[in-house]
Student: 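Quick one: the structure is below, and I'll ask about it shortly.
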Amino acid sequence: MVASVPPRQVRRARIAGLADSRDSLRKDPGDSAAGCRQRAAEDLRKADETDTANGRRVFESSAATWTARAGLLQRLENRFDARKAAREQQEGDSGEA
């Protein structure tokens with residue numbers, strides 16, 4: 001007969017396992033504008049080193065995609081920062097009254 005483990009203990013073990021794996025909590029470089037620009041630069045370097053026309057096209061296309069993603073993420077970050085600054089200024093102005 002197999003001993004069953006109460007569901008609560010199973011959940012706790014899973015949560016403890018997740019907490020121990022810090023690598024899974026790290027941000028992927030592709031999730032930041034700087035990381036995307038770095039990947040684009042690497043792809044352009046690879047395009048220069050590739051000796052076939054198709055290889056160059058593939059890496060240049062990938063670099064263009066990473067550059068576009070970097071621009072999108074940078075615009076989003078700028079908007080978030082602007083909203084945060086406006087909110088903080090509004091809270092500061094209302095606190096002085």
Side-chain angles (χ1 to χ4, degrees):
M1 188 168 172
V2 176
S4 65
V5 177
R8 182 176 293 163
Q9 289 179 345
V10 171
R11 282 195 303 267
R12 286 182 182 161
R14 287 182 185 156
I15 290 170
L18 290 175
D20 291 341
S21 62
R22 301 241 184 245
D23 291 338
S24 66
L25 301 176
R26 295 179 202 266
K27 193 173 191 178
D28 181 43
D31 291 340
S32 70
C36 289
R37 284 190 289 271
Q38 181 180 2
R39 286 186 175 184
E42 290 172 11
D43 283 349
L44 285 176
R45 181 188 52 78
K46 289 177 185 177
D48 287 340
E49 295 173 355
T50 302
D51 55 355
T52 63
N54 185 53
R56 276 191 297 278
R57 281 193 297 270
V58 169
F59 283 119
E60 288 170 352
S61 175
S62 178
T65 301
W66 283 115
T67 300
R69 181 175 170 82
L72 170 71
L73 292 174
Q74 188 65 57
R75 288 190 303 274
L76 288 172
E77 187 176 326
N78 292 345
R79 289 181 195 158
F80 293 147
D81 290 345
R83 282 194 302 231
K84 182 180 176 184
R87 189 178 332 111
E88 288 172 352
Q89 182 178 2
Q90 184 179 18
E91 289 172 358
D93 290 346
S94 64
E96 293 175 6

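Bear in mind the structure is a predicted one, so any value in this text is a computation, not a measurement.
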Student: Go through the structure and list residues passing side-chain contact (heavy atoms from CB on, under 4.5 Å) with Thr67, not counting sequence neighbours.
Tutor: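 Here the qualifying residues are Ala40.
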
Student: Can you tell me how far CG of Asp93 sits from CD of Glu88, rounded to the nearest 0.5 angstrom?
Tutor: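 Output value for this atom pair is 12.0 Å.
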
Student: What's the separation between atom CD in Glu60 and atom CG in Leu44, rounded to the nearest 0.5 Å?
Tutor: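 With rounding to 0.5 Å, CD (Glu60) is 7.0 Å from CG (Leu44).
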
Student: Under the 3.5 angstrom rule, does the side chain of Thr65 hit a backbone N or O of Ser61 as a donor-acceptor pair?
Tutor: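 Indeed, once roles are kept as given, a pair shorter than 3.5 Å links the two residues.
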
Student: Would you say the side chain of Arg69 lies within less than 4.5 Å of the side chain of Asp31, judging by non-hydrogen atoms?
Tutor: yes

Student: With sequence neighbours excluded, what pairs up with Asn78 under the side-chain contact (heavy atoms from CB on, under 4.5 Å) test?
Tutor: Gln74

Student: Would you please name every residue forming a side-chain contact (heavy atoms from CB on, under 4.5 Å) with Ser32, sequence neighbours left out?
Tutor: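 With sequence neighbours excluded, Ser32 shows a side-chain contact (heavy atoms from CB on, under 4.5 Å) to Ala34, given in chain and number order.
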
Student: Could you walk me through whether Thr50 and Phe59 pass the side chain to side chain contact (heavy atoms under 4.5 Å, CB included) check?
Tutor: CA-CA 9 Å; Thr50 302; Phe59 283 119; 3.5 Å; yes

Student: If you look at every heavy atom in Gly30 and Cys36, which pair is closest and at what distance?
Tutor: O-SG, 3.3 Å

Student: Kindly write out the residues that satisfy side-chain contact (heavy atoms from CB on, under 4.5 Å) with Ala53, not counting sequence neighbours, or none if the list is empty.
Tutor: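 Partners of Ala53 under the side-chain contact (heavy atoms from CB on, under 4.5 Å) test: Arg56, Arg57.
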
Student: Output all residues satisfying side chain to side chain donor-acceptor pair (under 3.5 Å) with Glu49, sequence neighbours left out; order by chain, then residue number.
Tutor: Arg45

Student: Who passes side chain to side chain donor-acceptor pair (under 3.5 Å) against Arg39, sequence neighbours left out?
Tutor: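 Residues passing side chain to side chain donor-acceptor pair (under 3.5 Å) with Arg39: Asp28.
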
